[in-house]
Asks: 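Sharing a structure here in C-alpha coordinates format.
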There are 2 protein chains.
Amino acid sequence: MCRNAYMQLLWGEFVMKAYTEVFKALGDPTRLRIIHLLTLAGKELCVCEFVDSLEEPQYNISRHLKELRQAGLLTERKEGRWVYYSLNKDGGNFKDSLFKLVRSISVDKEDAKRLKERLGIRVKGECVLGIQKSYLLSKKGGGVRVKKTMS
Amino acid sequence: MCRNAYMQLLWGEFVMKAYTEVFKALGDPTRLRIIHLLTLAGKELCVCEFVDSLEEPQYNISRHLKELRQAGLLTERKEGRWVYYSLNKDGGNFKDSLFKLVRSISVDKEDAKRLKERLGIRVKGECVLGIQKSYLLSKKGGGVRVKKTMS
DNA sequence: TGCATATATGCATTTCTACACATATAATAT
DNA sequence: ATATTATATGTGTAGAAATGCATATATGCA
(Lines give C-alpha, C1' and ligand atoms only; values in the text may rest on other atoms or scores of the structure.)
Protein backbone atom coordinates (compact mmCIF):
# COMPACT_ATOMS: atom_id res chain seq x y z
CA MET A 1 0.00 0.00 0.00
CA CYS A 2 2.70 2.47 1.00
CA ARG A 3 5.66 2.37 -1.35
CA ASN A 4 7.74 5.15 0.12
CA ALA A 5 7.91 7.91 2.70
CA TYR A 6 5.96 10.35 0.56
CA MET A 7 3.16 7.87 0.02
CA GLN A 8 3.11 7.14 3.72
CA LEU A 9 2.71 10.81 4.45
CA LEU A 10 -0.15 11.13 1.99
CA TRP A 11 -1.77 7.97 3.28
CA GLY A 12 -1.42 9.14 6.85
CA GLU A 13 -3.09 12.43 6.07
CA PHE A 14 -5.81 10.68 4.14
CA VAL A 15 -6.59 8.36 7.04
CA MET A 16 -6.41 11.14 9.57
CA LYS A 17 -8.87 13.15 7.52
CA ALA A 18 -11.25 10.21 7.40
CA TYR A 19 -11.25 9.85 11.17
CA THR A 20 -11.60 13.58 11.62
CA GLU A 21 -14.64 13.59 9.36
CA VAL A 22 -16.23 10.85 11.44
CA PHE A 23 -15.87 12.76 14.68
CA LYS A 24 -16.92 15.99 13.03
CA ALA A 25 -20.05 14.25 11.77
CA LEU A 26 -20.93 13.24 15.33
CA GLY A 27 -20.23 16.75 16.60
CA ASP A 28 -23.74 17.98 15.88
CA PRO A 29 -26.78 17.32 18.10
CA THR A 30 -29.11 16.19 15.33
CA ARG A 31 -26.55 13.87 13.75
CA LEU A 32 -25.58 12.39 17.09
CA ARG A 33 -29.24 11.75 17.82
CA ILE A 34 -29.63 10.05 14.44
CA ILE A 35 -26.77 7.65 15.11
CA HIS A 36 -27.88 7.13 18.69
CA LEU A 37 -31.38 6.28 17.54
CA LEU A 38 -30.06 3.78 15.02
CA THR A 39 -27.91 2.05 17.63
CA LEU A 40 -30.96 1.73 19.86
CA ALA A 41 -33.27 0.60 17.07
CA GLY A 42 -30.95 -2.11 15.87
CA LYS A 43 -32.38 -1.90 12.37
CA GLU A 44 -32.62 0.35 9.37
CA LEU A 45 -34.92 3.33 9.63
CA CYS A 46 -36.79 5.34 7.05
CA VAL A 47 -36.34 9.09 6.56
CA CYS A 48 -39.89 9.89 7.68
CA GLU A 49 -39.32 7.85 10.82
CA PHE A 50 -36.31 9.98 11.71
CA VAL A 51 -38.35 13.12 11.09
CA ASP A 52 -41.22 12.07 13.35
CA SER A 53 -38.91 10.69 16.05
CA LEU A 54 -36.44 13.56 16.26
CA GLU A 55 -39.00 16.23 15.43
CA GLU A 56 -36.69 18.07 13.09
CA PRO A 57 -37.76 19.44 9.68
CA GLN A 58 -37.51 17.01 6.80
CA TYR A 59 -34.94 19.04 4.89
CA ASN A 60 -32.65 19.09 7.91
CA ILE A 61 -32.91 15.36 8.45
CA SER A 62 -32.17 14.72 4.79
CA ARG A 63 -29.08 16.91 4.84
CA HIS A 64 -27.73 15.43 8.05
CA LEU A 65 -28.29 11.91 6.76
CA LYS A 66 -26.31 12.83 3.69
CA GLU A 67 -23.41 14.13 5.77
CA LEU A 68 -23.37 11.00 7.89
CA ARG A 69 -23.33 8.89 4.76
CA GLN A 70 -20.47 10.91 3.30
CA ALA A 71 -18.54 10.44 6.53
CA GLY A 72 -18.93 6.70 6.04
CA LEU A 73 -21.24 6.14 8.99
CA LEU A 74 -24.43 5.28 7.12
CA THR A 75 -25.55 3.28 4.13
CA GLU A 76 -28.80 3.87 2.31
CA ARG A 77 -31.24 1.51 0.66
CA LYS A 78 -33.97 2.74 -1.65
CA GLU A 79 -37.30 0.96 -1.72
CA GLY A 80 -39.68 2.74 -4.05
CA ARG A 81 -40.26 6.20 -2.68
CA TRP A 82 -38.87 5.24 0.69
CA VAL A 83 -35.22 5.45 1.66
CA TYR A 84 -33.89 3.45 4.57
CA TYR A 85 -30.67 4.30 6.37
CA SER A 86 -28.63 1.95 8.52
CA LEU A 87 -25.31 1.97 10.34
CA ASN A 88 -22.34 1.27 8.09
CA LYS A 89 -20.06 -1.11 9.96
CA ASP A 90 -17.66 -1.76 7.10
CA GLY A 91 -13.97 -1.33 7.67
CA GLY A 92 -12.59 -2.92 10.80
CA ASN A 93 -13.35 -2.58 14.47
CA PHE A 94 -13.28 1.16 14.68
CA LYS A 95 -16.87 1.88 13.71
CA ASP A 96 -18.16 -1.05 15.71
CA SER A 97 -16.55 0.34 18.85
CA LEU A 98 -17.73 3.80 17.97
CA PHE A 99 -21.34 2.73 17.59
CA LYS A 100 -21.21 0.87 20.91
CA LEU A 101 -19.88 4.04 22.47
CA VAL A 102 -22.67 6.15 21.02
CA ARG A 103 -25.22 3.59 22.10
CA SER A 104 -23.98 3.90 25.69
CA ILE A 105 -24.74 7.62 25.80
CA SER A 106 -27.49 8.31 28.29
CA VAL A 107 -29.65 11.11 27.00
CA ASP A 108 -33.31 11.74 27.54
CA LYS A 109 -35.38 8.98 26.07
CA GLU A 110 -37.96 11.03 24.20
CA ASP A 111 -36.47 10.21 20.79
CA ALA A 112 -36.60 6.49 21.46
CA LYS A 113 -40.11 6.75 22.84
CA ARG A 114 -41.34 8.55 19.74
CA LEU A 115 -39.57 6.06 17.50
CA LYS A 116 -41.30 3.18 19.25
CA GLU A 117 -44.67 4.78 18.59
CA ARG A 118 -43.76 5.51 15.02
CA LEU A 119 -42.53 1.96 14.38
CA GLY A 120 -45.95 0.79 15.52
CA ILE A 121 -47.45 1.90 12.23
CA ARG A 122 -45.12 -0.18 10.07
CA VAL A 123 -46.80 -2.98 8.13
CA LYS A 124 -44.95 -6.27 7.84
CA GLY A 125 -41.83 -4.50 9.02
CA GLU A 126 -42.00 -1.93 6.27
CA CYS A 127 -42.62 1.79 6.34
CA VAL A 128 -45.94 2.54 4.64
CA LEU A 129 -46.77 6.06 5.81
CA GLY A 130 -44.79 9.26 5.38
CA ILE A 131 -44.26 12.03 7.88
CA GLN A 132 -47.12 12.10 10.38
CA LYS A 133 -46.25 15.41 12.03
CA SER A 134 -47.05 17.58 9.05
CA TYR A 135 -45.49 20.71 10.55
CA LEU A 136 -42.13 19.00 10.03
CA LEU A 137 -42.47 18.90 6.26
CA SER A 138 -41.11 22.43 6.34
CA LYS A 139 -40.73 24.81 9.23
CA LYS A 140 -43.12 27.63 8.45
CA GLY A 141 -45.61 26.17 6.05
CA GLY A 142 -47.25 23.68 8.36
CA GLY A 143 -47.30 21.01 5.72
CA VAL A 144 -48.66 23.06 2.88
CA ARG A 145 -47.64 21.62 -0.46
CA VAL A 146 -47.06 24.13 -3.22
CA LYS A 147 -48.92 23.41 -6.42
CA LYS A 148 -46.87 23.14 -9.57
CA THR A 149 -49.61 24.56 -11.77
CA MET A 150 -49.43 28.34 -11.67
CA SER A 151 -51.17 31.53 -12.90
CA MET B 1 -31.45 15.24 40.00
CA CYS B 2 -34.49 15.43 37.73
CA ARG B 3 -37.59 16.60 39.58
CA ASN B 4 -40.03 16.78 36.70
CA ALA B 5 -40.48 16.44 32.97
CA TYR B 6 -39.21 19.93 32.26
CA MET B 7 -36.05 19.35 34.27
CA GLN B 8 -35.55 16.08 32.45
CA LEU B 9 -35.80 17.85 29.14
CA LEU B 10 -33.27 20.46 30.19
CA TRP B 11 -30.97 17.82 31.63
CA GLY B 12 -31.24 15.75 28.48
CA GLU B 13 -30.30 18.70 26.31
CA PHE B 14 -27.46 19.59 28.63
CA VAL B 15 -26.02 16.09 28.48
CA MET B 16 -26.51 15.87 24.73
CA LYS B 17 -24.65 19.13 24.29
CA ALA B 18 -21.78 17.85 26.41
CA TYR B 19 -21.39 14.75 24.24
CA THR B 20 -21.71 16.81 21.10
CA GLU B 21 -18.95 19.11 22.27
CA VAL B 22 -16.69 16.12 22.88
CA PHE B 23 -17.13 14.80 19.35
CA LYS B 24 -16.84 18.25 17.87
CA ALA B 25 -13.57 18.72 19.75
CA LEU B 26 -12.21 15.56 18.13
CA GLY B 27 -13.42 16.66 14.71
CA ASP B 28 -10.29 18.64 13.96
CA PRO B 29 -7.00 17.12 12.77
CA THR B 30 -4.76 18.94 15.22
CA ARG B 31 -6.97 18.22 18.21
CA LEU B 32 -7.35 14.58 17.24
CA ARG B 33 -3.56 14.32 16.95
CA ILE B 34 -3.18 15.88 20.39
CA ILE B 35 -5.47 13.33 22.02
CA HIS B 36 -3.97 10.50 20.00
CA LEU B 37 -0.48 11.51 21.08
CA LEU B 38 -1.54 11.59 24.72
CA THR B 39 -3.08 8.13 24.54
CA LEU B 40 0.17 6.82 23.06
CA ALA B 41 2.39 8.66 25.54
CA GLY B 42 0.52 7.43 28.57
CA LYS B 43 1.55 10.49 30.56
CA GLU B 44 1.09 14.22 30.79
CA LEU B 45 2.80 16.33 28.15
CA CYS B 46 4.02 19.89 28.14
CA VAL B 47 2.83 22.51 25.64
CA CYS B 48 6.25 22.85 24.03
CA GLU B 49 6.37 19.09 23.59
CA PHE B 50 3.12 19.18 21.65
CA VAL B 51 4.46 21.99 19.49
CA ASP B 52 7.67 20.17 18.58
CA SER B 53 5.92 16.82 18.08
CA LEU B 54 2.98 18.00 15.99
CA GLU B 55 4.92 20.79 14.28
CA GLU B 56 2.09 23.27 14.59
CA PRO B 57 2.55 26.91 15.66
CA GLN B 58 2.53 27.52 19.40
CA TYR B 59 -0.56 29.72 19.34
CA ASN B 60 -2.54 27.08 17.53
CA ILE B 61 -1.52 24.38 19.97
CA SER B 62 -2.46 26.61 22.90
CA ARG B 63 -5.85 27.35 21.44
CA HIS B 64 -6.62 23.73 20.60
CA LEU B 65 -5.54 22.60 24.06
CA LYS B 66 -7.93 25.13 25.53
CA GLU B 67 -10.80 23.82 23.45
CA LEU B 68 -10.07 20.25 24.44
CA ARG B 69 -10.00 21.29 28.09
CA GLN B 70 -13.30 23.11 27.74
CA ALA B 71 -14.81 20.01 26.16
CA GLY B 72 -13.78 18.11 29.28
CA LEU B 73 -11.16 15.96 27.59
CA LEU B 74 -8.04 17.43 29.19
CA THR B 75 -6.83 18.65 32.54
CA GLU B 76 -3.94 21.01 32.99
CA ARG B 77 -1.26 21.26 35.66
CA LYS B 78 0.96 24.30 36.00
CA GLU B 79 4.53 23.86 37.12
CA GLY B 80 6.29 27.20 37.09
CA ARG B 81 6.35 28.45 33.55
CA TRP B 82 5.49 25.04 32.19
CA VAL B 83 1.97 23.74 31.69
CA TYR B 84 1.32 20.02 31.42
CA TYR B 85 -1.81 18.58 29.88
CA SER B 86 -3.18 15.09 30.45
CA LEU B 87 -6.26 13.10 29.55
CA ASN B 88 -9.24 13.79 31.79
CA LYS B 89 -10.85 10.46 32.57
CA ASP B 90 -13.33 11.76 35.11
CA GLY B 91 -16.98 10.91 34.75
CA GLY B 92 -17.74 7.28 34.03
CA ASN B 93 -16.73 4.86 31.33
CA PHE B 94 -17.47 7.04 28.36
CA LYS B 95 -14.19 8.90 28.13
CA ASP B 96 -12.18 5.81 28.95
CA SER B 97 -13.75 4.00 26.00
CA LEU B 98 -13.34 7.04 23.86
CA PHE B 99 -9.62 7.33 24.60
CA LYS B 100 -9.12 3.64 23.87
CA LEU B 101 -10.87 4.20 20.57
CA VAL B 102 -8.68 7.15 19.66
CA ARG B 103 -5.60 5.21 20.70
CA SER B 104 -6.56 2.46 18.24
CA ILE B 105 -6.51 4.83 15.29
CA SER B 106 -3.73 3.93 12.92
CA VAL B 107 -2.26 7.06 11.47
CA ASP B 108 1.26 7.74 10.32
CA LYS B 109 3.68 7.52 13.19
CA GLU B 110 5.65 10.70 12.63
CA ASP B 111 4.03 12.48 15.57
CA ALA B 112 4.92 9.67 17.96
CA LYS B 113 8.44 9.45 16.57
CA ARG B 114 9.04 13.16 17.10
CA LEU B 115 7.55 12.97 20.59
CA LYS B 116 9.93 10.17 21.49
CA GLU B 117 12.87 12.30 20.43
CA ARG B 118 11.54 15.29 22.25
CA LEU B 119 10.93 13.33 25.48
CA GLY B 120 14.62 12.37 25.34
CA ILE B 121 15.57 15.84 26.51
CA ARG B 122 13.48 15.73 29.67
CA VAL B 123 15.46 15.76 32.93
CA LYS B 124 14.24 13.55 35.76
CA GLY B 125 10.96 13.19 33.91
CA GLU B 126 10.40 16.92 33.73
CA CYS B 127 10.33 19.29 30.81
CA VAL B 128 13.26 21.69 31.06
CA LEU B 129 13.54 23.17 27.56
CA GLY B 130 10.97 25.14 25.58
CA ILE B 131 10.16 24.88 21.90
CA GLN B 132 13.18 23.59 19.98
CA LYS B 133 11.84 24.23 16.49
CA SER B 134 11.95 28.00 16.70
CA TYR B 135 9.99 28.51 13.49
CA LEU B 136 6.96 27.22 15.41
CA LEU B 137 6.96 30.08 17.91
CA SER B 138 5.01 31.97 15.29
CA LYS B 139 4.39 31.17 11.64
CA LYS B 140 6.14 33.92 9.75
CA GLY B 141 8.63 35.36 12.19
CA GLY B 142 10.91 32.36 12.46
CA GLY B 143 11.19 32.68 16.21
CA VAL B 144 11.96 36.37 16.41
CA ARG B 145 10.97 37.79 19.77
CA VAL B 146 9.71 41.35 19.75
CA LYS B 147 11.35 43.61 22.29
CA LYS B 148 9.04 45.42 24.67
CA THR B 149 11.21 48.54 24.85
CA MET B 150 10.36 50.83 21.96
CA SER B 151 11.43 54.13 20.30
C1' DT C 1 14.86 45.40 39.04
C1' DG C 2 14.88 44.10 34.48
C1' DC C 3 15.30 40.67 30.98
C1' DA C 4 14.27 36.15 29.13
C1' DT C 5 11.13 32.51 28.33
C1' DA C 6 6.73 29.53 28.36
C1' DT C 7 2.19 30.06 27.40
C1' DA C 8 -2.13 32.52 26.39
C1' DT C 9 -5.09 35.70 23.89
C1' DG C 10 -7.10 40.10 21.39
C1' DC C 11 -8.08 41.11 16.77
C1' DA C 12 -8.95 40.79 11.84
C1' DT C 13 -9.79 37.81 8.06
C1' DT C 14 -11.36 34.04 5.75
C1' DT C 15 -13.68 29.74 5.50
C1' DC C 16 -17.08 26.60 7.11
C1' DT C 17 -21.61 25.27 9.00
C1' DA C 18 -26.42 25.01 10.05
C1' DC C 19 -30.74 26.60 8.99
C1' DA C 20 -34.85 28.07 6.52
C1' DC C 21 -37.32 28.91 2.38
C1' DA C 22 -38.66 27.31 -1.88
C1' DT C 23 -38.57 24.01 -5.19
C1' DA C 24 -36.72 19.91 -7.74
C1' DT C 25 -36.65 14.86 -8.45
C1' DA C 26 -38.47 10.41 -8.55
C1' DA C 27 -41.71 7.03 -7.68
C1' DT C 28 -46.72 5.84 -6.75
C1' DA C 29 -51.60 6.16 -7.03
C1' DT C 30 -55.86 7.62 -9.14
C1' DA D 1 -51.57 11.24 -17.96
C1' DT D 2 -51.80 13.84 -13.88
C1' DA D 3 -51.80 14.59 -9.21
C1' DT D 4 -49.74 13.02 -4.99
C1' DT D 5 -46.15 11.86 -1.99
C1' DA D 6 -41.27 10.75 -0.14
C1' DT D 7 -37.03 12.61 -0.34
C1' DA D 8 -33.32 15.70 -1.93
C1' DT D 9 -31.20 20.10 -2.99
C1' DG D 10 -30.22 25.21 -4.81
C1' DT D 11 -29.72 29.50 -2.55
C1' DG D 12 -29.19 33.12 0.79
C1' DT D 13 -27.80 34.26 5.38
C1' DA D 14 -26.20 34.44 9.97
C1' DG D 15 -23.22 32.65 13.23
C1' DA D 16 -19.30 29.65 14.30
C1' DA D 17 -14.70 28.23 13.74
C1' DA D 18 -9.78 28.13 12.13
C1' DT D 19 -5.82 30.80 11.22
C1' DG D 20 -2.08 34.24 11.47
C1' DC D 21 -0.16 38.31 13.40
C1' DA D 22 1.04 40.79 17.20
C1' DT D 23 1.22 41.18 21.86
C1' DA D 24 -0.11 40.19 26.73
C1' DT D 25 0.64 37.51 30.98
C1' DA D 26 3.30 35.17 34.19
C1' DT D 27 7.14 32.97 36.06
C1' DG D 28 12.13 32.40 36.63
C1' DC D 29 16.74 34.11 36.55
C1' DA D 30 20.75 37.33 36.50
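Labels below follow one simple rule: chain letters A, B, ... track the order of the sequence lines, proteins then strands, and each chain is numbered from 1.
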Asks: What is the separation between atom CD on B:Glu56 and atom C1' on D:dG20, rounded to the nearest whole Å?
Replies: 12 Å

Asks: Between B:Arg77 (CZ) and C:dT7 (C1'), how many Å, whole number?
Replies: 15 Å

Asks: Side chains of residues 71-80 of chain B: which donor-acceptor pairs under 3.5 Å do they make with residues two or more places apart or in other chains?
Replies:
{"residue": "B:Thr75", "atom": "OG1", "partner": "B:Ser86", "partner atom": "OG", "Å": "3.2"}
{"residue": "B:Glu76", "atom": "OE1", "partner": "B:Arg69", "partner atom": "NE", "Å": "3.4"}
{"residue": "B:Glu76", "atom": "OE1", "partner": "B:Tyr85", "partner atom": "OH", "Å": "3.1"}
{"residue": "B:Arg77", "atom": "NE", "partner": "B:Glu44", "partner atom": "OE1", "Å": "3.2"}
{"residue": "B:Arg77", "atom": "NE", "partner": "B:Glu44", "partner atom": "OE2", "Å": "3.3"}
{"residue": "B:Arg77", "atom": "NH1", "partner": "B:Glu79", "partner atom": "OE1", "Å": "2.6"}
{"residue": "B:Arg77", "atom": "NH2", "partner": "B:Glu44", "partner atom": "OE2", "Å": "2.5"}

Asks: Please classify the nucleic acid contact of B:Glu49 as base, sugar-phosphate, or nothing, using heavy-atom distances under 4.0 Å.
Replies: nothing

Asks: Do B:Ser53 and B:Lys113 have side chains that approach each other closer than 4.5 Å (heavy atoms only, starting at C-beta)?
Replies: no

Asks: Please report, rounded to the nearest Å, how far the C1' atom of C:dA8 is from the CD atom of B:Glu76.
Replies: 10 Å

Asks: For the pair made of OH in B:Tyr59 and P in D:dC21, what is the distance, rounded to whole Å?
Replies: 5 Å

Asks: Does A:Tyr85 reach a base, just sugar-phosphate, or nothing at all? Heavy atoms under 4.0 Å.
Replies: sugar-phosphate

Asks: May I ask you to decide whether B:Arg122 forms a salt bridge with B:Glu49, counting only side-chain N to carboxylate O separations under 4.0 Å?
Replies: yes

Asks: Nearest to the side chain of A:Gln58, heavy atoms from C-beta on, is which of D:dA17, D:dT7, D:dT11?
Replies: D:dT7

Asks: Could you give the CG-to-P distance, from B:Leu137 to D:dA22, as a whole number of Å?
Replies: 14 Å

Asks: Using a cutoff of under 3.5 Å, can you pull out all pairs of nitrogen or oxygen atoms linking the protein to nucleotides 27-30 of chain D, with atom names and distances?
Replies:
none

Asks: Could you list the residues that satisfy salt bridge (charged side-chain N to carboxylate O under 4.0 Å, His left out) with A:Arg114, not counting sequence neighbours?
Replies: A:Glu55, A:Asp111

